[in-house]
Amino acid sequence: MSKDNAISVAPPRGMRDFLPSQVALRDWATAAILSTYKRFGFTRIETPVLENIASLRGGDGGENLQLIYEVLKRGEKLEKALSEGAAKDELADLGLRFDLTVPLVRYYSHNQSQLPNPLKSIQVGSVFRAESPQKGRFRQFTQCDIDIIGVKSELAEMELIQATSEALIALGFSNFKILINDRRLLSALALHCGFVQEKAALVFIALDKLEKIGLDGVSKELAGEALDPQATAKLIQVLTVLAAAKKSGQTSYVDLKAALPVLDEQAMSGLEKIISTVSEISKGRFSIEFDPTLVRGMGYYTGPIFEVKVPGYTSSVGGGGRYDNMVGKFSGRDVPACGFSIGFERVIDILTEKEFKPQTEERSIVLIVDPERDSGLAVLNAAQELRSGGNIVCIQPRKKDMKKQLDTLLAQGYSHFCVFRGQGSELEVKSLGG
RNA sequence: GCAGGUGUCGCCAAGUGGUUAAGGCCCUGGAUUGUGGUUCCGGUAUUCGCGGGUUCGAGUCCCGUCAUCUGCCCCA
């Protein structure tokens, strides 16, 4: 093949191939998460990877709307759109989902009559964002979501946090920290400071960076946004108290609460309930903490929001929150909902970094055969005989250098091998480790 | 969008200005061995992302370009 028309064999930017050992780890992690969630009564559902573009755009996905992979119309519809000089965003009629929440709400709205109420769903699936890829950040990645639709009380949040925590523990995590805040408090704060509603998002983004860029950084950032200077000053004043409280280690929510102009008693008492309950059930295995600077990116949150931090890792390994207005957008009837998503790729990254290897109990045998000599029937029968003992059996033609072949097989995780010596001869299984 | 790293056979990879560009994987030819965890010999890049330049001479230096990775921003 000439070089000019050689096709690149690398996967598209930001997307990955997985080797058998990587898939084994991912399968193990998925199984651990699923079995935990199932014990909480969550049931698995599935939705398509493609959605109508209108659903995705109407889903209030915040920044992610810019990152949708759009799928062009096809055939006559495309010709028509092109000939009519349609705008760019009228050329697509479908798009790849950028999260699992928007599709879930669409799914719920459509299948409501056949679904239990409340619905406790599990979703594991790929989502897509046309973003600039980086370490731990891809254009296709897996999300693991649990959602409760139809429960208004904080019991939903509590259960989501409990289930997620148990899942993380099942994955071998410990001492992680759950940060919690409430969108209503953030709105109240912005209002209290005197920001207009439309500028609230900018304020939130700056707030989110407090930990990273510090008070001065936030102050600078807000100054650059042409916001009401009086409101900014007031916000900085509040943040100063918060930052001081955080710095001095007074991170208990009571102290932070004292520093906040509490304008939403309902939100505050909800948080208190969640925090005290979760603290109780954590039995010291993990912690939960009020963080008034927690924001989260999605535009659709309406109430409590949360995120999981693992010590030693800067990015969060999970997040979620309440989105009570979303179902209404699709079905015209508001139904309370909230969800929690495990950052599956982050979990896998951390497990990989820890060189975690899932244990397999089964013996795995490679049956080495000579295709020149051995008949297919004899080989398949021999393999089946070995399988009947509960073993994993893989048939492989013998290679020239058997030592190397066996070393490779050992590295691939096989525990035993058996050289097939021809029909009728005894099957002698030997250990690969030597 | 800004900053840095990398780009050599299908894959991984040595090479840091001087004749014919290591090696491993994969593929493959053969010899050797008591039905097989032995040993050995071979075959696969007129060419180093692409385009220019410097030089007697460039994979190796410079400029541009593209691709990819990393950091910032933002997010799972």
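What you see is a predicted model; the values in this text were computed from it and never measured. Chain identifiers are assigned alphabetically (A, B, ...) following the order of the sequence lines, protein sequences preceding nucleic acid strands; residue numbering begins at 1 within each chain.
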Of the nucleotides [options], which has the atom closest to the [X] side chain?
X	options	result
A/Lys404	B/G37, B/A76, B/C25	B/C25
A/Lys400	B/G30, B/A76, B/U38	B/G30
A/Asp401	B/G36, B/C27, B/U38	B/U38
A/Val9	B/G37, B/U35, B/C11	B/C11

Spacing between [X] atom [atom1] and [N] atom [atom2], to the nearest angstrom:
X	N	atom1	atom2	answer
A/Glu428	B/G36	CD	P	9 Å
A/Gln143	B/C75	CD	P	14 Å
A/Leu432	B/G36	CG	P	16 Å
A/Leu19	B/C11	CG	C1'	11 Å
A/Gln405	B/U28	CD	C1'	16 Å
A/Leu294	B/A76	CG	P	10 Å
A/Lys403	B/G37	NZ	C1'	7 Å

A/Arg296 to A/Tyr301 six-membered ring, cation-pi geometry met (6.0 Å, 45°):
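No, A/Arg296 and A/Tyr301 do not form such a contact.
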
Do A/Arg16 and A/Phe138 form a cation-pi contact, if we require the NZ or CZ to be under 6.0 Å from the six-membered ring centre and within 45 degrees of the ring's axis?
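Geometry flag: set, cation within 6.0 Å and 45°.
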
Please list each protein N or O that sits under 3.5 Å from an N or O in nucleotides 66-70 of chain B, with the distance.
| residue | atom | partner | partner atom | Å |
| --- | --- | --- | --- | --- |
| B/C69 | OP2 | A/Arg13 | NH1 | 2.8 |
| B/U70 | OP1 | A/Lys135 | N | 3.4 |
| B/U70 | OP2 | A/Lys135 | N | 3.4 |

Could you tell me the Watson-Crick or G-U partner of [N], where both distances fall under 3.5 Å? Say none if there is no partner.
N	answer
B/G18	B/C56
B/U44	none
B/C73	none
B/A31	B/U39
B/G51	B/C63

[N] to [M] separation - [atom1] atoms, rounded to the nearest Å:
N	M	atom1	result
B/C50	B/U68	C1'	15 Å
B/G36	B/A13	C1'	33 Å
B/G23	B/A3	P	41 Å
B/G57	B/U20	P	15 Å

Using a distance-only test with no angle check, is there a side-chain donor-acceptor pair under 3.5 angstrom linking [X] and [Y]?
X	Y	answer
A/Tyr323	A/Asp147	yes
A/Thr47	A/Arg97	yes
A/Asp99	A/Tyr300	yes
A/Asp145	A/Ser341	yes

For [X], answer base if it contacts any base atom (sugar-phosphate contacts may also be present), sugar-phosphate if it contacts only those atoms, and nothing otherwise; contact means non-hydrogen atoms under 4.0 Å.
X	answer
A/Arg373	base
A/Phe420	base
A/Ser316	sugar-phosphate
A/Glu131	base

Indicate, yes or no, whether a donor-acceptor pair under 3.5 Å links the base of B/G37 to the side chain of A/Arg398.
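Per atom types, no contact qualifies.
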
Stacking check A/Phe344 vs B/A76 (5.5 Å / 30 deg):
no

Between A/Thr408 and A/Val317, which is nearer to the 5' end of RNA chain B once each is assigned its nearest nucleotide?
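Per heavy-atom nearest nucleotide, the more 5' residue is A/Thr408.
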
Between A/Lys120 and A/Glu159, is the closest basic N to carboxylate O distance under 4.0 Å?
yes

Can you see if the side chain of A/Arg421 gets near the phosphate of B/G36 - specifically, an N or O under 4.0 Å from OP1 or OP2?
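Yes, A/Arg421 has a side-chain N/O under 4.0 Å of OP1/OP2 on B/G36.
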
For the aromatic rings, using the six-membered ring if either is Trp, is the centroid distance between A/Phe306 and A/Phe340 under 6.0 Å?
yes

Enumerate the ring pair (Phe, Tyr, Trp, His ring centres under 6.0 Å) contacts for residues 158-187 of chain A, please, sequence neighbours excluded, ordered by first and then second residue.
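Matches after skipping sequence neighbours: A/Phe176-A/Phe286.
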
